[in-house]
Amino acid sequence: MATDRLLDIFSLMAERGVDDAGTHSLCSVAAEITQLDGAAISLTSDGDEMTALCMSNDLARTLMDLEITLREGPAFEASTGGMVVQDVDLAAASAPRWMMYAPQAAAAGARAAFGFPVRIGAANFGALSLYRENPGHLSDAQTSDAYLMASVIARAVLSIQSGSPIGELAKELHGQSGLDFRVHQAAGMVAVQGSMSVKAALVLIRTHAFAEAMELSELAEKIITRATRFDSLLDSWIVKPTSGDPK
Amino acid sequence: MARETLLIITLVELADNLVDDYDVIDVLTVLSDRCVETVDVDAAGVMLAWPGGELQYVASSSDSMRIIELFQIQVDEGPCVDCFNDGQPIVNHILNVDDGRWPRFTPRAIELGFTSVNCVPMRLRGRTIGALNFFSSHEGQLAVEDVAVARGFADVATIAILQHQSSLNANTLNEQLSNALNSRIIIEQAKGMVRQAADSDMDEAFARMRGHARNHNEGLTDVAIAIVTGTLDPGTLDVLKPKRA
């Protein structure tokens, strides 16, 4: 079900267009939709290495560089802990949440920083960081928008990593729930079939669905009913010609 | 067993659950099962809204496959969507394709054998956070007492989410909801792994995970996380492997 706010996000994304990496609009839309002074998206590899995906402006770029250098800050903590984190006054005199990050972030011009995990179940993609030049908490509406944005980003990153165009995303979220449980169940099955993480399996399923011009839910159904499986030795998908249990 | 007795036993069971450290998805699944036993319905389920308004299924009575299917259609339209958006209960709605209401949901629900639906919103401080759904496959309407019990269950479900241990660390209701909803996704991912590794169907996979959680006095979500992070072998639940290096 596409909510009104989700439609707002998509129309903003369409307005902003995409850069070569197809990601630029995600950060500027995140800053704009939450009405904050900067936004950055970081990605986390299976080995917990953090890289920057995009930054909305110079402030966000400075803070993201700082965080990657220090390995400390909102994005780092949100993505490793899987929880929403915040420091609502980076220049406060009392012990800051992030000892090294806070004073340098404040010096760069930020007074509050927020980290939202970007995840789909157990698949941890990274974090959305939001910055403001004034101290204080997010409003309820801003918090709600940040969560929604993080969920859009999770699905967008999945699209990017699986090589399908980001434009497909809006269509997909309109047409069906992006939270179809069959896709998650299928990812679990493929993770075991291919001895890979659930995150890698989610990407692989999407890549295959896109390559075969198949609906994601249709492929998921085939995996669950064992009509299609991923063979790790052959490193390819095997389609069972007739129905029945392949075991 | 007399209905009143069953109701008391159920409330005591749920209250017991809510005192200790509990798994929110497990409690909501138990609650859905008990709804079917104490209210005159054939299937029940809980849907919650993500911050931003997207509805997602989080728990259902043991008749899970049919219900999940209905919930997926509901994500686009249906009694739960209306109940959530309006914040008002839907009482004894008889499914009828000719009335034009929910053109996708209604025929599918009828095909699956359901004849009527009830839905109660889960509300907290003026905000609707989700809805409790009831599906009936037999003639007859819910009595006034049934509807009252259904409302009571919706309140218990709301409390289960608010009082959850992980919520104590959560700053906001949004974070509590987000955690519960993400737990459900982790459980679905783990179910797929168990299905593949243990060659079981999805319901069996879920039952195994619940059984393992019970036997080891662990939360259902914790078991699911252990499976997807590779510290618990999905093929041999109840057998713990050393953490992968």
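Small disclaimer: the values here were computed from a predicted structure and weren't measured. Each chain gets a letter, A, B and so on, in the order the sequences are listed, and its residues count up from 1.
- Heavy atoms closer than 4.5 Å to chain B are found in the side chain of Ser151(A), but not in its backbone.
- With contacts defined as side-chain heavy-atom distances shorter than 4.5 Å, the pair Tyr147(A)/Leu177(B) does not qualify.
- A donor-acceptor pair under 3.5 Å links the side-chain atoms of Gln189(B) to the main chain of Ile120(A), judged by distance alone.
- Here CZ of Phe116(A) is found 8.0 Å from CD of Glu175(B). Values are rounded to the nearest 0.5 Å.
- Side-chain contact between Val198(A) and Met193(B): present, with at least one pair of heavy atoms (C-beta onward) separated by less than 4.5 Å.
- For a residue to count as touching a neighbouring chain, one of its non-hydrogen atoms must lie under 4.5 Å from one of that chain's; by this rule Leu202(A) touches chain B with the side chain only.
- One finds the CE atom of Met202(B) at 4.5 Å from the CD1 atom of Ile224(A) (value rounded to the nearest 0.5 Å).
- Side-chain contact check for Gln196(B) and Gln193(A): at least one donor-acceptor pair (N or O, by modelled atom type) lies under 3.5 Å.
- Looking at every heavy atom in both residues, Gly52(B) comes nearest to Ser144(A) through N-OG, 3.3 Å.
- A side chain to side chain contact (heavy atoms under 4.5 Å, CB included) with Asn174(B) is found for exactly one of Asp140(A), Val84(A), Thr143(A), namely Thr143(A).
- Within the 4.5 angstrom heavy-atom criterion, no atom of Phe71(B) approaches chain A.
- Here the closest non-hydrogen pair linking Ile186(B) and Gly121(A) is CG1-C, 3.3 Å.
- Using modelled atom types, no side-chain atom of Gln185(A) and backbone atom of Lys191(B) make a donor-acceptor pair closer than 3.5 Å.
- Heavy atoms from other residues, nucleotides or ligands lying under 6.0 Å from CD of Gln35(A) number 12 at most.
- Contact annotation: the side chain of Ser178(B) never approaches that of Met83(A) to less than 4.5 Å [non-hydrogen atoms, C-beta and beyond].
- Between the Arg195(B) side chain and the Met189(A) main chain, no donor and acceptor come within less than 3.5 Å of each other.
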